[in-house]
Amino acid sequence: MSDCLFCKIIAGDIPSAKVYEDEAVLAFRDIAPQAPTHILVIPKAHISGCNGVTAENSQVVAHIFEVIPQIAQAEGLENGYRVVSNCGPNAGQTVPHLHFHILGGRELTLEMA
Ligand code: 5GP
Ligand code: ZN
């Protein structure tokens, strides 16, 4: 999707602080961190959000959840962390490309951040 911010980050048209990359997944630091560690994990294939996950593309979601613990370990989040995906306007989704926030590095409240 040429007008998608995260597709532009995947393409390298917008720079990002990458923490993990493989053939299907990219992880990079959130530009406005809500916790000491705040990383976004995204599929390289454009999926609009949670509602865009289907039987045809859901394999990458399982892969993302294999990658998340590796990132958490590399970031030293042994005391725990939160994984969040906002879906739609009431949840505050601002970028319509599926992404999972990894938040950690401090004790988290029941709010997302
Ligand atoms: P959402 O609000 O859709 O759940 O999450 C989108 C996230 O993307 C926000 O936390 C926001 O700070 C982050 N973000 C927006 N634009 C950029 C950008 O250009 N680079 C990076 N690294 N993060 C961004
Ligand atoms: Zn996209």
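Quick caveat: nothing in here was measured; it's all calculated off a predicted structure. Heads up: numbering here begins at 1 and tracks the sequence.
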How close do Thr54 and Asn57 get, heavy atom to heavy atom, and via which atoms? N-OD1, 2.7 Å

Just by distance, do the side chain of Arg82 and the backbone of His101 share a donor-acceptor pair under 3.5 Å? no

Rounded to the nearest 0.5 Å, what separation is found between the CD atom of Glu78 and the CD atom of Gln73? 9.0 Å

Applying the 4.5 Å side-chain criterion to the ILVMFWY set and letting contacts propagate, would Val19 and Ile10 be lumped into a single cluster? no

I'd like to know if the side chain of Asp30 and the backbone of Ala35 have a donor-acceptor N/O pair within less than 3.5 Å. no

Qualifying residues under ring-ring contact (aromatic ring centres under 6.0 Å, His included), relative to Phe28, sequence neighbours excluded: Phe6

When the side chains of residues 41-48 are checked against the rest of the protein, which donor-acceptor pairs come out under 3.5 Å, sequence neighbours left out?
residue	atom	partner	partner atom	Å
Lys44	NZ	Glu21	OE2	2.8
Lys44	NZ	Asp22	O	2.8
His46	ND1	His97	ND1	3.2
His46	NE2	Pro96	O	3.4

May I ask whether Tyr20 and Leu103 are part of the same hydrophobic cluster, defined by side-chain heavy atoms of I, L, V, M, F, W, Y residues being less than 4.5 angstrom apart, directly or through others? no

Looking at side-chain heavy atoms only, is the closest gap between Val61 and Leu98 below 4.5 Å? yes

Do Phe65 and Ile102 share a hydrophobic cluster (ILVMFWY, side-chain heavy atoms under 4.5 Å, transitive)? yes

Quick check: is Ile14 connected to Val95 through a chain of hydrophobic side chains (ILVMFWY, heavy atoms under 4.5 Å apart)? yes

Only one of Ile39, Ile64, Leu77 passes side chain to side chain contact (heavy atoms under 4.5 Å, CB included) with Ile71; say which it is. Ile39

Test your reading of the model: is there a side-chain donor-acceptor pair from Ser85 to the backbone of His99, 3.5 Å cut-off? yes

Rounded to the nearest 0.5 Å, how far apart are CG of Leu40 and OG of Ser16? 9.5 Å

Applying the 4.5 Å side-chain criterion to the ILVMFWY set and letting contacts propagate, would Val67 and Val60 be lumped into a single cluster? yes

Interatomic distance, CD1@Ile9 vs CD1@Ile31, rounded to 0.5 Å, equals 7.5 Å

Locate the shortest heavy-atom distance separating Val53 from Ser58; write the atom from each residue and the value. CG1-CB, 3.7 Å

To the nearest 0.5 Å, atom OG1 of Thr37 lies from atom CZ of Arg106 at 10.5 Å

Does atom CG of Asn90 have more than 12 heavy-atom neighbours from other groups under 6.0 Å away? no

Restricting to non-hydrogen atoms, name the atom on Gly105 and the atom on Pro36 that form the minimum distance, rounded to 0.1 Å. O-CG, 3.5 Å

